[in-house]
Amino acid sequence: MVVKSDRPDEKSAKERPRGLPCPPGKKTDDPQGRCCVFPFEYGGVTYQSCTNGWCSFDEVYVGNWANCGKE
């Protein structure tokens, strides 16, 4: 698993304390335990769930994303 970031220095993605699971529908394969943020905006479109298997860690996509996890 690789977490993609177009801006490695970007710190706006939210991290959950280790050990706490993501809410249903927001799980990712992020090794830092970050969860999907919904809704999120990407390319002028608002998404309420994973799109093509990925999601954003920010309300407005700024390059921080991961693959959606299996529930």
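Atoms considered below: every heavy atom in the structure, side chains included; atoms not considered: hydrogens, waters and symmetry mates.
When all heavy atoms are compared, the tightest approach of Y61 to N64 is CE1-N, 3.9 Å. Heavy atoms only, all atoms of each residue included: T28 and R34 are closest at OG1-O, 2.7 Å.
Judged as a side-chain contact (heavy atoms from CB on, under 4.5 Å), and not counting sequence neighbours, the contacts of C50 are C36, F38, C55, C68. Partners of T51 by side-chain contact (heavy atoms from CB on, under 4.5 Å), not counting sequence neighbours, listed by chain and number: F40, Y47, W54.
Checking side-chain atoms of D30 against main-chain N and O of G33 turns up a donor-acceptor pair under 3.5 Å.
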